[in-house]
Amino acid sequence: MTAHRTTAHSAGPRTTPPDAPLSTADLVEGWRRVGVREGMAMIVHSSLSSLGRVDGGAAAVVASLREAVGPGGTVAVPTFTTDVVSDPAPEHTGLPSPEVAERRAAVPLFHTGLPSRMGAVPEALRALPESLRSTHPQASVAAVGAHAREVTARRSLGFAVGRESPFGALHDLGGYVLLIGVGHNRNTFLHYAETFAPNRRLKLRRFPMAIQGERVWIEAPDVGNDNDTHFPVVGREFEERAGIREVLVGSAPCRLIPVRELIPFAVRRLTELLAADGSGAA
């Protein structure tokens with residue numbers, strides 16, 4: 001295993017008074033204790049408020065992450081827009097009524113400048129002039145750094161977080177997941193793992209796209225929502241097996257997860273858990 005191992009909870013040193021807001025330097029030192037190193041490619045799932053007071057807010061968090069991975073590293077964030085670019089009347093089939101047609105016409109087409117509601121840190125990174133963003137209408141990823149173009153170039157309309165997505169690119173890069181004050185219910189790489197499970201749960205995504213100048217609605221399959229059913233269990237079991245350490249950065253419990261080690265474990269355990277409760281596809 002290449003994960004950073006220790007079972008001890010670690011708060012670590014802090015050079016500023018405990019009641020002072022975290023500086024960028026405090027955050028970089030914190031990411032170092034979590035295990036972030038120069039040259040890493042990582043996707044960050046975060047809660048800004050979990051850190052406590054941060055001097056400079058979300059922009060300072062993004063700056064500290066970029067400093068921690070250095071010029072050879074890559075920082076990615078989820079910039080999903082499922083709550084905006086989706087069918088407002090999914091239960092309606094056939095030709096729409098005038099009211100349904102009007103509601104559907106009001107749904108925006110995805111574009112890379114469309115804001116995301118995934119949180120302050122993802123939105124701060126997405127808004128950077130040098131940030132790149134993948135183009136799935138509902139499941140985009142924004143990234144900065146050495147491999148940002150490679151990560152954001154991938155897109156599959158079906159199984160939007162699967163092999164041919166930015167998550168597949170991060171896997172191929174030997175990437176990591178950094179959880180900042182959030183749990184594995186926010187770890188999209190567990191959805192990625194489920195795409196490989198033979199009994200994966202399924203859902204249908206529906207979104208508008210412009211194809212040859214015409215606005216059309218696309219339906220595409222994807223893995224279903226976990227709803228805190230199996231992902232927290234699989235994440236906890238992997239951390240115990242791999243000796244992943246939890247480190248406090250400010251007030252936020254943080255963990256760094258190696259993707260290439262997580263995925264085979266998660267595929268096996270999800271397959272077992274889904275078979276046990278009968279919730280996967282036949």
Side-chain angles (χ1 to χ4, degrees), residues 43-49 57-59 61-62 75-93 96-144 148 151-162 164-167 169-170 180 182 185-192 194-195 201-228 231:
I43 189 160
V44 180
H45 296 281
S46 61
S47 163
L48 176 62
S49 62
V61 174
V62 171
V75 180
V77 291
T79 51
F80 300 166
T81 50
T82 309
D83 59 335
V84 177
V85 187
S86 63
D87 188 354
E91 72 289 345
H92 188 96
T93 59
S97 66
E99 185 269 338
V100 168
E102 183 178 0
R103 290 169 62 198
R104 286 177 175 168
V107 174
L109 294 174
F110 175 82
H111 57 88
T112 56
L114 186 68
S116 169
R117 299 176 185 172
M118 294 297 290
V121 172
E123 184 60 10
L125 188 146
R126 182 204 66 79
L128 291 172
E130 65 271 32
S131 175
L132 300 177
R133 190 178 188 183
S134 63
T135 57
H136 191 282
Q138 292 185 345
S140 64
V141 166
V144 290
V151 168
T152 58
R154 291 198 193 181
R155 185 188 77 172
S156 173
L157 293 180
F159 296 97
V161 297
E164 296 305 319
S165 74
F167 295 90
L170 285 162
I180 303 174
V182 299
N185 59 342
R186 296 273 295 276
N187 182 357
T188 307
F189 261 107
L190 292 175
H191 287 292
Y192 174 87
E194 188 168 346
T195 67
R201 296 162 291 185
L202 295 173
K203 69 180 179 183
L204 193 66
R205 293 183 182 271
R206 196 163 191 272
F207 43 81
M209 291 184 68
I211 298 179
Q212 296 181 340
E214 182 180 1
R215 180 185 171 101
V216 298
W217 283 87
I218 303 294
E219 291 184 344
D222 206 348
V223 288
N225 300 325
D226 182 66
N227 297 320
D228 295 352
F231 288 1

query = If only atom types and distance count, is the side chain of Thr81 paired as donor or acceptor with the main-chain N or O of Val84 below 3.5 Å?
reply = no

message = Salt bridge or not between Asp222 and Arg205? Use side-chain N to carboxylate O under 4.0 Å.
response = yes

Atom pair OG1 (Thr82) and CG (Asn225), whose distance is rounded to the nearest 0.5 Å = 8.5 Å

note = Interatomic distance, CZ@Phe110 vs OG1@Thr79, rounded to 0.5 Å, equals 6.0 Å

request  = Output the distance between atom CD (Glu123) and atom CZ (Arg117), rounded to the nearest 0.5 Å.
outcome  = 10.5 Å

message = Please check this pair: side chain of Arg104 against backbone of Ala89, looking for a donor-acceptor N/O pair closer than 3.5 Å.
response = yes

query = Within a reach of under 6.0 Å around CD of Glu91, are more than 12 heavy atoms found that belong to other residues, nucleotides or ligands?
reply = yes

query = Is the side chain of Thr195 donor-acceptor paired with the backbone N or O of Tyr192 at a distance under 3.5 Å, no angle test?
reply = yes

note = Rounding to 0.5 Å, atoms CG (Asp83) and OG (Ser116) come to a distance of 7.5 Å

inquiry  = Nearest 0.5 Å, please: how far is CG in Leu157 from CZ in Arg155?
reply    = 4.5 Å

request  = Would you check if the side chain of Ser47 reaches a backbone N or O of Val182 as a donor-acceptor pair within less than 3.5 Å?
outcome  = no

Backbone N/O of Val223 and side chain of Glu194: donor-acceptor pair under 3.5 Å = no

remark   = To the nearest 0.5 Å, atom OG1 of Thr152 lies from atom CZ of Arg154 at 11.5 Å

key: Pair Leu128-Val62, side-chain contact (heavy atoms from CB on, under 4.5 Å): steps then yes or no   = CA-CA 10 Å; Leu128 291 172; Val62 171; 3.9 Å; yes

query = Looking at Asp87 and Arg103, does any basic side-chain N land under 4.0 Å from a carboxylate oxygen?
reply = no

